[in-house]
K.L.:
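Before I ask anything, let me first share the structure, which is written out below as structure tokens.
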Protein chains: 2
Amino acid sequence: MGQQTTKKRIMDVAEQLFATRGVSGTSIRNITSRAKVNLAAVHYHFGSKESVLEAVVSRRLVPLTAERSALLDEYERQSKGEAVELPKIIEALVGPALRLSRSSEKGGEYFMRLLGRLVMEPDAKIQRILTDHFRLSLEKFKPPLEKALPHLKPADFFWRVHFLVGAMVHTMADSERIQIVSDGICNPDDTEGTVKRLVSFISAGMEADT
Amino acid sequence: MGQQTTKKRIMDVAEQLFATRGVSGTSIRNITSRAKVNLAAVHYHFGSKESVLEAVVSRRLVPLTAERSALLDEYERQSKGEAVELPKIIEALVGPALRLSRSSEKGGEYFMRLLGRLVMEPDAKIQRILTDHFRLSLEKFKPPLEKALPHLKPADFFWRVHFLVGAMVHTMADSERIQIVSDGICNPDDTEGTVKRLVSFISAGMEADT
DNA sequence: AATTAATTTAAACAAACGTTTGATTTCATG
DNA sequence: CATGAAATCAAACGTTTGTTTAAATTAATT
């Protein structure tokens with residue numbers, strides 16, 4: 001053991017600290033002391049601070065992209081040649097991410113907050129990491145989306161995908177504000193309720209008259 | 001002179017660096033060297049790094065909130081007692097912010113990117129600053145929004161405002177990604193086109209069937 | 001049990017961090 | 001032109017930063 005445990009402990013703590021204090025706001029010493037691991041372990045196992053970030057992101061984003069893809073495949077199978085209904089497509093895109101962000105396995109919550117931060121990061125390296133993952137989902141979802149929205153001009157299509165991403169990322173990354181702003185009326189722990197609401201909001205927005 | 005110029009130069013540079021590198025990713029030395037100002041000037045004029053952030057945020061957010069409010073007032077005057085149409089309300093909320101984020105006076109662009117970052121920041125002090133400003137807009141816009149959406153239950157109402165904020169913040173903060181993702185098809189410099197698209201997306205989302 | 005490889009460890013490195021200090025320069029007012 | 005306040009300055013403070021090194025320990029292989 002050792003190997004497995006140390007590496008995972010570093011990633012778990014890094015995920016949490018990157019999410020709550022930001023990447024540059026988190027020092028390697030913050031990570032190693034909380035993970036109860038030697039300071040040099042980070043460089044031994046990852047090589048650099050940035051490589052830790054890359055590992056943390058890929059660990060969750062790879063399975064997430066796969067899950068989205070599989071869910072869309074299933075919906076396409078169910079529709080038997082017919083175009084998949086728009087809400088189904090949106091649900092395949094939004095559902096897995098939102099469920100991860102609310103998973104009882106705490107990592108998901110921190111990860112999605114981290115992702116919300118990283119999306120706003122102009123740093124070229126970070127953007128390349130995110131774009132590489134995002135492009136996979138976009139390529140997969142673009143054809144069925146276009147089929148479900150045949151009347152949309154290309155520019156309108158991309159703009160609405162942009163708005164979609166904004167609503168999605170904000171909802172996943174920031175589960176506390178809605179509770180504060182709504183004075184406790186909204187419960188972000190009701191994952192399936194949130195998915196339904198988000199899917200209906202986005203679907204209606206995507207289908208709006210131009 | 002001196003006073004005015006130095007203080008403004010610090011705020012302008014801080015706004016840009018906070019936006020592009022993050023708050024904790026920006027050192028006071030980064031700011032002062034680029035602003036061509038002595039290192040101690042920051043503490044002389046502001047007292048601390050955090051106070052610089054607070055000044056930078058308030059400088060833009062106070063007039064922005066006022067402009068939103070004035071625009072809504074005008075739309076309410078125009079509708080002469082009738083409920084203001086939903087797209088008008090959304091336009092009063094979204095338009096001024098988006099125009100600021102695309103203003104040729106470069107500051108707006110950086111500021112909105114900074115705002116996008118700060119929204120994702122869990123730090124309590126930063127959240128308090130933002131919430132204080134945001135609450136003013138929410139209190140102003142809540143009554144006409146509820147009047148335009150009388151069928152919405154409170155929980156649905158707040159959730160949709162949450163989605164609205166996500167789409168809006170993401171659009172204002174991240175004007176480069178849409179260009180990359182759309183392969184240049186979408187032009188974020190077409191401010192009024194973007195406002196129209198965003199207003200119609202959000203309006204449709206807010207009015208979706210539950 | 002001996003040997004090699006894989007980890008972990010404490011210690012050190014220069015560089016950069018936010019903040020403070022006290023002297024010096026610039027400015028407006030008399 | 002002198003006086004007092006406001007602003008700028010270079011220098012230094014104790015910490016903390018990411019990274020490296022070489023020795024010590026643990027694990028796996030022969």
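Chain identifiers are assigned alphabetically (A, B, ...) following the order of the sequence lines, protein sequences preceding nucleic acid strands; residue numbering begins at 1 within each chain. FYI, side chains are in, hydrogens and waters are out, and symmetry mates aren't considered; it's all heavy atoms of this structure.
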K.L.:
Give the C-alpha distance, both sets of side-chain angles, the deciding distance and a yes or no for side chain to side chain contact (heavy atoms under 4.5 Å, CB included) between A:His45 and A:Val37.
P.N.:
CA-CA 12 Å; A:His45 286 287; A:Val37 150; over 6 Å; no
K.L.:
Quantify the bending of the helix from C:dA14-D:dT17 to C:dT26-D:dA5 as the angle between its end axes, each fitted on five pairs, to 10°.
P.N.:
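End-to-end axis angle: 30°.
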K.L.:
Taking only heavy atoms on the protein side, list every residue of residues 51-58 of chain A lying under 4.0 Å from any atom of DNA chain D, sorted numerically.
P.N.:
none
K.L.:
Applying ring-ring contact (aromatic ring centres under 6.0 Å, His included), name anything that partners A:His162, two or more places apart in sequence or on another chain.
P.N.:
A:Trp159, B:His170
K.L.:
Does one side chain, of B:Ser51 or B:Ser48, offer a donor that lies under 3.5 Å from an acceptor on the other?
P.N.:
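Yes, side-chain donor-acceptor contact under 3.5 Å.
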K.L.:
Between A:Glu15 and A:Arg59, does at least one N-O distance fall below 4.0 Å, as a salt bridge requires?
P.N.:
yes
K.L.:
Would you tell me if any nitrogen or oxygen in the side chain of B:Thr6 comes within less than 4.0 Å of OP1 or OP2 on D:dT8?
P.N.:
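Yes, within the criterion.
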K.L.:
So which nucleotide from C:dT7, D:dT8, C:dA10 ends up closest to the side chain of B:Tyr44?
P.N.:
D:dT8
K.L.:
In whole angstrom, give the distance that lies between atom CD1 of B:Ile10 and atom P of C:dT19.
P.N.:
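One finds 13 Å between P of C:dT19 and CD1 of B:Ile10, rounded.
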K.L.:
Send over the distance from A:Asn38 CG to C:dT8 C1', rounded to a whole Å.
P.N.:
6 Å
K.L.:
Between the protein and nucleotides 16-19 of chain D, are there any N/O to N/O pairs under 3.5 Å, and if so, what are the atom names and distances?
P.N.:
| from | atom 1 | to | atom 2 | distance (Å) |
| --- | --- | --- | --- | --- |
| D:dT17 | OP1 | A:Ser27 | OG | 3.0 |
| D:dG18 | OP1 | A:Lys49 | NZ | 2.9 |
| D:dG18 | OP2 | A:Ile28 | N | 2.9 |
| D:dG18 | N7 | A:Arg29 | NH1 | 2.7 |
| D:dG18 | O6 | A:Arg29 | NH2 | 2.8 |
| D:dT19 | OP2 | A:His43 | NE2 | 2.9 |
| D:dT19 | OP2 | A:Lys49 | N | 3.3 |
| D:dT19 | O5' | A:His43 | NE2 | 3.1 |

K.L.:
Any sub-3.5 Å donor-acceptor pair from B:Arg9's side-chain atoms to B:Ala35's backbone N or O?
P.N.:
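Answer holds: yes.
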K.L.:
Does a side-chain heavy-atom distance below 4.5 Å link A:Leu98 with A:Met168?
P.N.:
no
K.L.:
What pair of heavy atoms forms the shortest contact from B:Ile202 to B:Leu164, and how long is it?
P.N.:
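Distance-wise, the nearest heavy atoms are CG2-CG, 3.7 Å.
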K.L.:
Using atom types as modelled and distance alone, determine if a side-chain donor or acceptor of A:Thr131 lies under 3.5 Å from a backbone N or O of A:Gln127.
P.N.:
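Yes, because the side chain of A:Thr131 sits within donor-acceptor range (under 3.5 Å) of the backbone of A:Gln127.
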K.L.:
Output the rounded distance in Å from NZ (B:Lys36) to C1' (D:dC9).
P.N.:
17 Å
K.L.:
For B:Phe18, enumerate each residue passing the ring-ring contact (aromatic ring centres under 6.0 Å, His included) test, keeping only those at least two apart in sequence or located in another chain.
P.N.:
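Here no residue qualifies.
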K.L.:
Give every residue pair that meets the ring-ring contact (aromatic ring centres under 6.0 Å, His included) criterion with at least one member in residues 189-208 of chain B, sequence neighbours excluded.
P.N.:
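Found A:Phe163-B:Phe201.
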K.L.:
If I take atom CD1 in residue B:Ile31 and atom P in nucleotide C:dC17, what distance separates them, rounded to the nearest angstrom?
P.N.:
10 Å
K.L.:
Would a distance-only check, ignoring hydrogens and angles, find a side-chain to backbone donor-acceptor pair under 3.5 Å from B:Arg68 to B:Leu93?
P.N.:
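The answer is yes, because a donor-acceptor pair under 3.5 Å joins these two groups.
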K.L.:
For C:dA6 and A:His45 - does any side-chain N or O of the residue sit under 4.0 Å from the phosphate oxygens OP1/OP2?
P.N.:
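Checking A:His45 against C:dA6: no side-chain N or O falls below 4.0 Å of OP1 or OP2.
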